[in-house]
2 protein chains.
Amino acid sequence: MIKKRNTPSKNEVLAVLKANKTAMSQDELEKILKDKMDRVTIYRILYSFCDDGILHKVMSDEGKTYFALCHDCEQGHHHDSHFHFRCTNCNTIECLNATLSLNLPKNYIQKEVNLMVSGLCAKCVA
Amino acid sequence: MIKKRNTPSKNEVLAVLKANKTAMSQDELEKILKDKMDRVTIYRILYSFCDDGILHKVMSDEGKTYFALCHDCEQGHHHDSHFHFRCTNCNTIECLNATLSLNLPKNYIQKEVNLMVSGLCAKCVA
DNA sequence: GTAACTGCAAAATATTTGCATCCTT
DNA sequence: AAGGATGCAAATATTTTGCAGTTAC
């Protein structure tokens, strides 16, 4: 087991993520942080955080990668259901509350549920 | 409007997709078709079919791109709900039947719903 | 004959790794 | 001091485009 360390870079990344309530793409994070650290460092920190269970990696229905703080998850104990809403106009991704009833075929074992709804958020409707 | 043509390559691609009931990744298609045509040709045919409404482009929760025939969609008239099951063992993706009740926040407009459940399919459980 | 299609090459992007140096513990 | 973290470079992989020759209509 690798022992992780507490560094300024990691704290910067965390701060940005905490300031944003929505999931952020690596692009967005790079735009904000590019003066303070290297792209590769951001890349490594993000994936490291995912390993630690601090972040979720979220795939949008467009195939883009987003990262979101695991507000509801304890470390190393992710929820297995991820419901998100992507606004096709402002491209923000938010967590969604939804109830879902699934009829899986017989003998199927469900591990993860990933629901991505896209459309327009309230701000972009107005 | 571009007038599409009927070519052997396109028919090959269609034949392979029809032979498979599940969604296929570009990789898989390339493996099967590489002797008959170029990768780029496959790429262009797939995206061309998507334009035509013959294929769905499906993103897995892992970020991989899959293509599936639109069995239920008429040309140019996609369903806006795509429910899929990805087996983490054999990596096949199947269409899923599920009912879903969403509580979107106020004023949100829903365009597309994309549900990806991953787990083990019946074959891989046994 | 016209314009879409194809193959090959390569440009443009994105992802990932190596390694020397720096910094946390 | 030891070993994880970072920056820079570069290797890999992926996606996309250009163009000349080919083929469907």
Side-chain angles (χ1 to χ4, degrees), chain A residues 1-18 23-69 75-76 86 91 93, chain B residues 1-18 23-68 75-76 86 91 93 116:
Chain A
M1 182 64 180
I2 299 168
K3 202 148 192 188
K4 303 293 177 76
R5 284 178 188 170
N6 207 4
T7 66
S9 295
K10 290 186 179 179
N11 290 329
E12 298 266 18
V13 173
L14 264 188
V16 172
L17 284 162
K18 277 180 183 159
M24 300 181 74
S25 66
Q26 198 176 336
D27 290 355
E28 292 176 279
L29 283 159
E30 275 173 13
K31 261 183 219 155
I32 298 172
L33 292 166
K34 63 167 173 245
D35 302 324
K36 304 191 174 171
M37 71 193 76
D38 195 75
R39 325 179 99 227
V40 179
T41 301
I42 300 175
Y43 167 84
R44 282 194 266 227
I45 288 175
L46 290 173
Y47 280 88
S48 159
F49 280 169
C50 285
D51 277 352
D52 302 342
I54 299 171
L55 288 182
H56 282 309
K57 186 183 172 193
V58 183
M59 297 301 310
S60 79
D61 48 357
E62 302 281 305
K64 241 187 149 184
T65 308
Y66 289 75
F67 295 90
L69 280 174
Q75 288 217 357
R86 178 175 63 89
N91 253 320
I93 291 194
Chain B
M1 183 65 183
I2 298 167
K3 201 152 195 184
K4 303 293 178 72
R5 284 176 188 171
N6 206 3
T7 66
S9 297
K10 290 186 179 179
N11 289 329
E12 297 265 20
V13 173
L14 263 188
V16 172
L17 283 162
K18 276 179 184 159
M24 300 180 75
S25 65
Q26 198 176 335
D27 290 355
E28 292 176 280
L29 283 158
E30 275 173 13
K31 260 183 220 154
I32 297 171
L33 292 165
K34 64 168 174 246
D35 303 324
K36 305 191 173 172
M37 70 194 77
D38 195 74
R39 324 180 100 228
V40 179
T41 301
I42 300 174
Y43 168 85
R44 282 194 267 228
I45 288 176
L46 290 174
Y47 281 88
S48 159
F49 280 167
C50 284
D51 278 352
D52 302 343
I54 299 171
L55 287 183
H56 283 307
K57 187 183 172 192
V58 182
M59 297 301 311
S60 79
D61 47 359
E62 302 280 306
K64 241 187 148 185
T65 308
Y66 289 75
F67 296 89
Q75 287 218 358
R86 177 175 65 86
N91 253 319
I93 291 193
M116 178 70 66

Just checking, is any N or O donor in the side chain of Lys4(A) or Ser48(A) under 3.5 Å from an acceptor N or O on the other one?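 Yes.
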Verify the distance criterion only: is there a donor paired with an acceptor across the side chains of Glu12(A) and Ser9(A) at less than 3.5 Å?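 Side chains of Glu12(A) and Ser9(A): no pair found under 3.5 Å.
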Regarding Ser9(B), tell me which of base, sugar-phosphate or nothing describes its non-hydrogen contacts under 4.0 Å with the strands shown.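 Sugar-phosphate, no base atom in range.
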Using a heavy-atom cut-off of under 4.0 Å over every strand shown, decide if Lys36(B) touches base, sugar-phosphate, or nothing.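 Contact class for Lys36(B): sugar-phosphate only.
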Find the distance [X]:[atom1] to [N]:[atom2] and express it as a whole number of Å.
| X | N | atom1 | atom2 | answer |
| --- | --- | --- | --- | --- |
| Glu12(B) | dT6(C) | CD | P | 11 Å |
| Asn11(A) | dC23(C) | CG | P | 16 Å |
| Gln26(A) | dA14(C) | CD | P | 10 Å |
| Ile42(B) | dT17(D) | CD1 | P | 18 Å |
| Asp52(B) | dC5(C) | CG | C1' | 13 Å |
| Ile45(A) | dC23(C) | CD1 | C1' | 13 Å |
| Lys4(B) | dT2(C) | NZ | P | 23 Å |
| Asp38(A) | dA9(D) | CG | C1' | 10 Å |

Between the base of dG7(C) and the side chain of Arg44(B), is there a donor-acceptor distance below 3.5 Å?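 Yes, the side chain and the base share a sub-3.5 Å donor-acceptor pair.
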Quick check: closest heavy atoms across Tyr66(B) and Ser25(B), and the distance to 0.1 Å?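 Minimum heavy-atom separation between Tyr66(B) and Ser25(B): CD2-N, 3.5 Å.
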When you measure from the side chain of [X], which nucleotide among [options] comes out closest?
| X | options | value |
| --- | --- | --- |
| Thr65(B) | dC25(D), dT25(C), dT15(D) | dT15(D) |
| Lys10(B) | dT24(C), dC5(C), dC8(C) | dC5(C) |
| Val40(A) | dT25(C), dA9(D), dA24(D) | dA9(D) |

Take Val13(B) and Leu17(B) through the side chain to side chain contact (heavy atoms under 4.5 Å, CB included) test and state the conclusion after the steps. CA-CA 6 Å; Val13(B) 173; Leu17(B) 283 162; 3.9 Å; yes
Does [N] have its OP1 or OP2 closer than 4.0 Å to a side-chain nitrogen or oxygen of [X]?
| X | N | value |
| --- | --- | --- |
| Tyr43(B) | dT16(D) | yes |
| Thr7(B) | dT23(D) | no |
| Thr41(A) | dG7(D) | yes |

Taking Arg5(A)'s backbone N and O only, do any of them form a donor-acceptor pair with Lys10(A)'s side chain (distance below 3.5 Å, no angle check)?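 Yes: the side chain of Lys10(A) pairs with the backbone of Arg5(A).
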Hey, which of these two, Arg39(B) or Lys3(B), hits DNA chain C nearer its 5' end, going by closest nucleotide?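 The residue mapped nearer the 5' terminus is Lys3(B).
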Residue mapping more 5' on DNA chain D - nearest nucleotide basis, Tyr47(B) or Arg5(B):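 Taking each residue's closest nucleotide, the earlier one in sequence belongs to Tyr47(B).
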